[in-house]
Amino acid sequence: MASQLVMYEEEFHKINAVCDRLTKDANAKVVFLVDKNGQLISAAGQTQHIDTTSLASLTAGNVAAMGGLAKLIGENEFPNQFHEGAKDSLYMTIVGSRVVLVVIFDNRTSLGLVRLRIKKASDELSKIFEALSRRAEAPGAGSPFAEISDADIDNLFSE
Amino acid sequence: MSFINYSSREINCKIVYYGPGLCGKTTNLQYIYNKTNPETKGKLISLSTETDRTLFFDFLPLSLGEIRGFKTRFHLYTVPGQVFYDASRKLILKGVDGVVFVADSQVERMEANIESMENLRVNLAEQGYDLNKVPFCIQYNKRDLPNAVSVEELRKVLNPRNVPDFQAVAPTGVGVFDTLKAVAKLVLTELRKGGQG
């Protein structure tokens, strides 16, 4: 079973910075980082008109389905996916077999440039996530919820 | 597998509604969607066939409020109940924090309930989870139908471990929120233990 994903302030800022830079460098509309279980980690660019929560969950569903297909034909996974639309296109890359980097772009840029920039961002993100998992495994990194009481939980459901 | 973000002070958990085809998993989510405040919920996404059978999953994000300064969000998913969608069902269990088994109370669906429960156990095990250890609730749905089996009987067959169970009529909402609250509580209690989700 995969361990819980815990995000700390320092890594969170680094991740956001990578996503912001990728948006600019690739001339993309939006960049998302989604964990494979469907949780949105970071979003950069023109996210105002996008339902980011739904996007994260559908991305994870899509990656999971393609992963299932890959295994059926003897591949481990399909690390890159490209979907071309009439106006906007979407590129997905699996990073560190744990998270998915999603880039949405239009004809102001090119697939080649997007792929090139993703490669670099993906390497940087891999390193950050390695550091994160080391940190989560370190002794003393217990659950932040260790101190919550039954009353805290009950309060959530009192109407 | 929950996601805790210290920076944005959020905690996200995943709950999956499991059960045989046409037992009312999607109806549970639809009722929750219709009855919650717009500011606490996101869009209900249904990936279904033309005849409204779930093809891949339904998804509903829900905010429950704050615990000690952390916003708690629950992502509710349903699986496709039909037997031949097993490959898709497995995928949706990835990273699950809590499971609700929706049983169809009708006598002619007893076998389907048992088969689906066994399928849940096997599919969870494939993902590295033990059904006896994950936060788990059972809902006996369709209690209003004349051919419903007695609750005692359903309990005997489906709930030998005596996990929290609820009677429900999902289209009218009977038991729907009770079930959700119970599983959410179990998930949060598990988090407190710092368990492996």
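What you see is a predicted model, and the numbers here were worked out from it, not measured in a lab. Residue numbering restarts at 1 for every chain, and letters A, B, ... go by the order of the sequence lines.
- Judged as a ring pair (Phe, Tyr, Trp, His ring centres under 6.0 Å), and not counting sequence neighbours, the contacts of B/F59 are B/H75, B/Y77.
- Look at B/K142 and B/D104 and you find a salt bridge, because one of the NZ, NE, NH1 or NH2 atoms lies within 4.0 Å of a carboxylate O, short of that distance.
- Note on ring orientation: taking the six-membered ring where Trp is involved, the planes of A/F105 and A/F82 are parallel (angle under 30°, cut-offs 30° and 60°).
- Within the 4.5 angstrom heavy-atom criterion, only side-chain atoms of B/L47, from C-beta onward, approach chain A.
- Proximity to chain B (any heavy atom under 4.5 Å) is shown, for A/D152, by both the backbone and the side chain.
- Looking at B/I45, only its side chain comes within 4.5 Å of chain A, counting heavy atoms on both sides.
- Using a 4.5 Å cut-off between heavy atoms, B/F56 contacts chain A through its side chain alone, with no backbone atom that close.
- Ranked by heavy-atom pairs under 4.5 Å with chain B, the list A/G61, A/S57, A/S54, A/G38 is led by A/S57.
- Proximity to chain A is limited to the backbone of B/E66, based on heavy atoms less than 4.5 angstrom apart.
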Considering only distance and modelled atom types, tabulate donor-acceptor pairs under 3.5 Å from the side chains of residues 63-80 of chain A, sequence neighbours left out.
| residue | atom | partner | partner atom | Å |
| --- | --- | --- | --- | --- |
| A/K71 | NZ | A/N76 | O | 3.2 |
| A/E77 | OE1 | A/K36 | NZ | 3.3 |
| A/N80 | OD1 | A/T93 | OG1 | 3.2 |

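- A salt bridge is absent between B/E190 and B/K133: the closest approach of a Lys/Arg side-chain nitrogen to an acidic carboxylate oxygen does not fall below 4.0 angstrom.
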